[in-house]
Amino acid sequence: MSAPCSIPVPLLNRDIWSLRNAGDQSAGGKPLGVLDGIPFAIKDNFSTKNIETTCASQMLKGYIPPYNATVVQRLLDQGAVLMGKTNLDEFAMGSGSTDSIFGPVKNPWSYSKQFREKRKACCPDSNESSDWVITGGSSGGSAASVSAGTCYVALGSDTGGSTRNPACHCGIVGLKPTYGLVSRHGLIPLVNSMDVPGILARCVDDAATVLGVIAGHDPQDATTIQDHILPFTLPDVIDLSKLCVGIPKEYHAPGLSSEILSIWTKAADMMEKAGAKVVEVSMPHTRYSIVCYHVLCTAEVASNMARFDGLEYGHRADIKDSTEAMYSATRRGGFNDVVRGRILSGNFFLLKQ
């Protein structure tokens, strides 16, 4: 899939647009911060004060948090304008943004002239209304909103690729910050030991600007870095001659499509021509990574999903036979098959045997 042909203008070069549209937010005519007037979107697994937060699940339909997630509040404090919440796989469990009570997220590139012409040439009988491609996931809604131009930046969450995956599918920039650099307070957890708020933007400069706003210590999250974080600035010219890029040979795995391999090779060639040193490296434990991830992921999912029992908030089944029957009916009706499957797997892995 082709990337956008126009080069996005960094946020910091949009000061005139920002100030003209920030009017009622500015204090005494002065901008509130570097993001004053910039529209952004938030994945619907971040808590937003007085705005419904559902995680795209029946279990949390109608749930309205009384507070903002730290990353949301930091963006608002800098004058950014929240445009809305974005769709995702239920409880961020997926890689296509297709498992949601609101329906699947459709990639904006599905409606491009290039894609339509290509599809018509290879599949003349295809139905335009049902002929679309996925955004990737689980932060597909955030990626689609940035790719379509409805907002300049969006936040997603990234546990095992849920920000970077849809960024690739939608032709934008996706960044998963280092664990502990950005607060998880207010992010409804999937896997506490791996979850990180992610950034989706149209260019690297925008991602760096947003990271500079949301990064840093948060008293509400003990896992955040204690050191003071300085604003991130990128040099105008980057010298690649001192950069060494490793290509893991294990990543050239069976099933890798020829299209992806050619793009990967092209990117490596471009870096080498720009002066970088490109070398083959070995990561021999790669074949164990997916297995390890699924054991850890499902075990933590089973623990985290235990809080959704129908008593305190969210969906509750209308069953009065017993508390146990109400629990069972609530969780059966509130979770989809993917979530229930991970809970089952996680509880199995947590057995003493």
Side-chain angles (χ1 to χ4, degrees), residues 1 41-48 52-63 69 71 84-110 130 132-148 154-170 172 174-176 184 186-200 290 293-308 314-315 331-346:
M1 187 171 293
I42 291 288
K43 187 177 180 180
D44 197 25
N45 59 346
F46 286 91
S47 296
T48 43
E52 186 179 18
T53 300
T54 68
C55 286
S57 175
Q58 179 66 30
M59 183 61 79
L60 281 178
K61 196 170 183 180
Y63 168 62
V71 290
K85 308 292 289 288
T86 62
N87 203 359
L88 64 151
D89 288 298
E90 183 168 326
F91 281 102
M93 298 186 205
S95 56
S97 297
T98 56
D99 295 318
S100 164
I101 58 170
F102 304 111
V105 182
K106 299 179 181 180
N107 196 316
W109 287 98
S110 303
S130 60
W132 50 273
V133 292
I134 64 171
T135 56
S138 62
S139 307
S142 292
S145 65
V146 174
S147 180
L155 292 189
S157 60
D158 197 314
T159 306
S162 286
T163 291
R164 295 158 290 167
N165 176 306
C168 292
H169 278 274
C170 294
I172 60 174
L175 173 66
K176 179 183 182 180
R184 292 180 294 112
L187 169 61
I188 296 174
L190 173 66
V191 181
N192 303 67
S193 61
M194 302 182 200
D195 291 344
V196 174
I199 301 169
L200 296 123
I290 297 296
Y293 170 78
H294 278 291
V295 172
L296 295 172
C297 173
T298 55
E300 291 199 40
V301 163
S303 176
N304 280 324
M305 295 298 109
R307 74 191 67 191
F308 302 108
H315 171 69
R331 291 167 69 79
R332 184 172 61 250
F335 295 135
N336 68 8
D337 291 341
V338 174
V339 177
R340 291 200 300 270
R342 292 203 190 187
I343 292 172
L344 181 63
S345 297

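Note that the coordinates shown come from a computational prediction; the quantities given were computed from them, not determined experimentally. Note that the numbering runs from 1 along the sequence shown for the chain.
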Set of residues satisfying side-chain contact (heavy atoms from CB on, under 4.5 Å) with respect to Ala41, sequence neighbours excluded: Thr86, Ser145, Cys151, Ala154
Check: Asn107 and Ile134 side chains under 4.5 Å, non-hydrogen atoms: no
Counterpart residues, salt bridge (Lys or Arg N to Asp or Glu O under 4.0 Å), relative to Asp89 (two or more places apart): none
With sequence neighbours excluded, what pairs up with Ser193 under the side-chain hydrogen bond (donor to acceptor under 3.5 Å, both in side chains) test? Glu300
Nearest atoms (heavy-atom pairs only) where Met93 meets Met305: CE-SD, 4.1 Å
Is the shortest side-chain heavy-atom distance between Trp109 and Thr135 below 4.5 Å? no
Just distance, no hydrogens or angles: give the donor-acceptor pairs under 3.5 Å from side chains in residues 96-104, sequence neighbours left out.
residue: Ser97; atom: OG; partner: Gly136; partner atom: O; Å: 2.8
residue: Ser97; atom: OG; partner: Ser138; partner atom: O; Å: 3.3
residue: Ser97; atom: OG; partner: Gly140; partner atom: N; Å: 2.9
residue: Ser100; atom: OG; partner: Asn87; partner atom: OD1; Å: 2.7
residue: Ser100; atom: OG; partner: Phe102; partner atom: N; Å: 3.0

Among all residues two or more places apart in sequence or in another chain, which pass the side-chain hydrogen bond (donor to acceptor under 3.5 Å, both in side chains) test with Lys85? Asp44, Thr48, Thr53
Between Ser95 and Asn165, is there a side-chain donor-acceptor contact under 3.5 Å, judged purely by atom types and distance? no
My understanding is that only residues two or more places apart in sequence, or in another chain, count here; which of them pass salt bridge (Lys or Arg N to Asp or Glu O under 4.0 Å) with Arg164? Asp158
Suppose we screen for ring-ring contact (aromatic ring centres under 6.0 Å, His included). Which residues come up paired with Phe91, at least two apart in sequence or across chains? Phe308, Phe335
Sequence-distant partners of Leu175, side-chain contact (heavy atoms from CB on, under 4.5 Å), two or more places apart: Pro177, Ile199, Leu211
Considering only heavy atoms from C-beta outward, does the side chain of Thr163 approach that of Leu200 to under 4.5 Å? yes
Residues two or more places apart in sequence or in another chain: which of them pass side-chain contact (heavy atoms from CB on, under 4.5 Å) with Ala302? Asn347, Leu350
Measure the shortest side-chain to side-chain distance between Glu52 and Lys61 over non-hydrogen atoms and say whether it is less than 4.5 angstrom. yes
Which residues pass the side-chain contact (heavy atoms from CB on, under 4.5 Å) test with Val295, sequence neighbours left out? Phe349
My understanding is that only residues two or more places apart in sequence, or in another chain, count here; which of them pass salt bridge (Lys or Arg N to Asp or Glu O under 4.0 Å) with Arg340? Asp337
